[in-house]
Amino acid sequence: MQDDPRTHLAAAARDFYARGWMLGTAGNLSARSDTDTFWITASGRPKDRLDAGDFVLVDLRGQVVQAPPGRQPSAEAAIHETIYRHVPDARVIFHVHSIEANLCGHFARQGRLRLPPLEMLKGLGVPDAEPQVDLPVFANHLNVARIAEDMDREFTGALPRVPGALIHLHGVTAWGPDFLAARHHLELLEYCFRYLVQAKILAIGV
Ligand SMILES: CSCCC(=O)C(=O)COP(=O)(O)O
Ligand SMILES: [Zn+2]
């Protein structure tokens, strides 16, 4: 049970809820199970109290493989599928709704958010001395399939240099090869967002 991905996902959700990133059932988390399937949070569940009955096993074509009674996969499972199909080393995906991520969408230009050139970017796999790195920003759509299609098109051209993406006025998604790396990537992106918001308030050019 200790190594059940659902245990790790529930613990991550409690942590993110406590940080104010998954309030009011917002967000969804997933982890690859084997080559073709992943566990994802069921839709509409409170993220501070998930248990094994709050996860659905789906395959990379969106088919439900195993679901507890009355549970549907996250409405945003198609976004997770798209990332798993394109990013071979993504095995854990965290999607959360923080205030700072949503404010930073307003700083994006032409579907890109320039990240601040901080030392912290090394933790996102950018070791450059003077980094100029953009995070992809996707339009939000009521029809989640459209977001996934936009992401599929973009990632078919090139994968983002950092393991994450923003959906405007919605939230951020970060991924990694394991639970710890995915959490670090999410924390580092959220740190960048807080920095950008503070820099704007202080009128510091980034
Ligand atoms: C109140 S959050 C609105 C839906 C959303 O964006 C989200 O992340 C949660 O959707 P889910 O179906 O995974 O519960
Ligand atoms: Zn969402």
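Start at 1 and go down the list; that is how both ligands and their atoms are numbered. Values below: all heavy atoms of this structure, side chains included; hydrogens, waters and symmetry mates excluded.
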With a cut-off of 3.5 Å and sequence neighbours excluded, list every side-chain donor-acceptor pair involving residues 196-205.
none

Throw together a table of side-chain donor-acceptor distances under 3.5 angstrom for residues 118-132, partners on residues two or more places apart or in other chains.
| unit_1 | atom_1 | unit_2 | atom_2 | d |
| --- | --- | --- | --- | --- |
| Glu119 | OE1 | Lys122 | NZ | 3.0 |
| Glu119 | OE2 | Lys122 | NZ | 2.7 |
| Asp128 | OD1 | Arg161 | NH2 | 2.9 |
| Asp128 | OD2 | Arg161 | NH1 | 3.0 |
| Asp128 | OD2 | Arg161 | NH2 | 3.2 |

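Side-chain N or O atoms of Arg45 include none that pairs as donor or acceptor with a backbone N or O of Thr25 at under 3.5 Å. Within the 3.5 Å criterion, the main-chain N or O of Phe138 finds no donor-acceptor partner in the side chain of Asp150.
The NE2 atom of His168 lies 9.0 Å from the CG atom of Asn140; values are rounded to the nearest 0.5 Å.
Under 3.5 Å, the side chains of Asp34 and Thr37 contain a donor-acceptor pair of N or O atoms. Of the N and O atoms on the side chains of His86 and Glu154, not one donor lies less than 3.5 Å from an acceptor on the other residue.
Between His80 and Tyr84, the ring-plane angle classifies as tilted under the 30° and 60° cut-offs.
Panel detail: the Zn ion (ligand 2) has protein N, O or S atoms under 2.8 Å away, 4 in number.
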Give me the pairs of N or O atoms, one from ligand 1 and one from the protein, that sit under 3.5 Å apart.
| unit_1 | atom_1 | unit_2 | atom_2 | d |
| --- | --- | --- | --- | --- |
| ligand 1 | 6 (O) | Glu76 | OE2 | 2.8 |
| ligand 1 | 6 (O) | His97 | NE2 | 3.1 |
| ligand 1 | 6 (O) | His170 | NE2 | 3.0 |
| ligand 1 | 8 (O) | Gly27 | N | 2.9 |
| ligand 1 | 8 (O) | Asn28 | ND2 | 3.2 |
| ligand 1 | 8 (O) | Glu76 | OE1 | 3.0 |
| ligand 1 | 8 (O) | His95 | NE2 | 3.4 |
| ligand 1 | 8 (O) | His97 | NE2 | 3.0 |
| ligand 1 | 12 (O) | Ser43 | OG | 2.6 |
| ligand 1 | 12 (O) | Ala75 | N | 2.9 |
| ligand 1 | 13 (O) | Asn28 | ND2 | 3.0 |
| ligand 1 | 13 (O) | Ser74 | OG | 2.6 |
| ligand 1 | 14 (O) | Gly44 | N | 2.7 |

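Under a cut-off of 6.0 angstrom, the local environment of CD1 in Ile99 is sparse, with at most 12 non-hydrogen atoms contributed by other residues, nucleotides or ligands.
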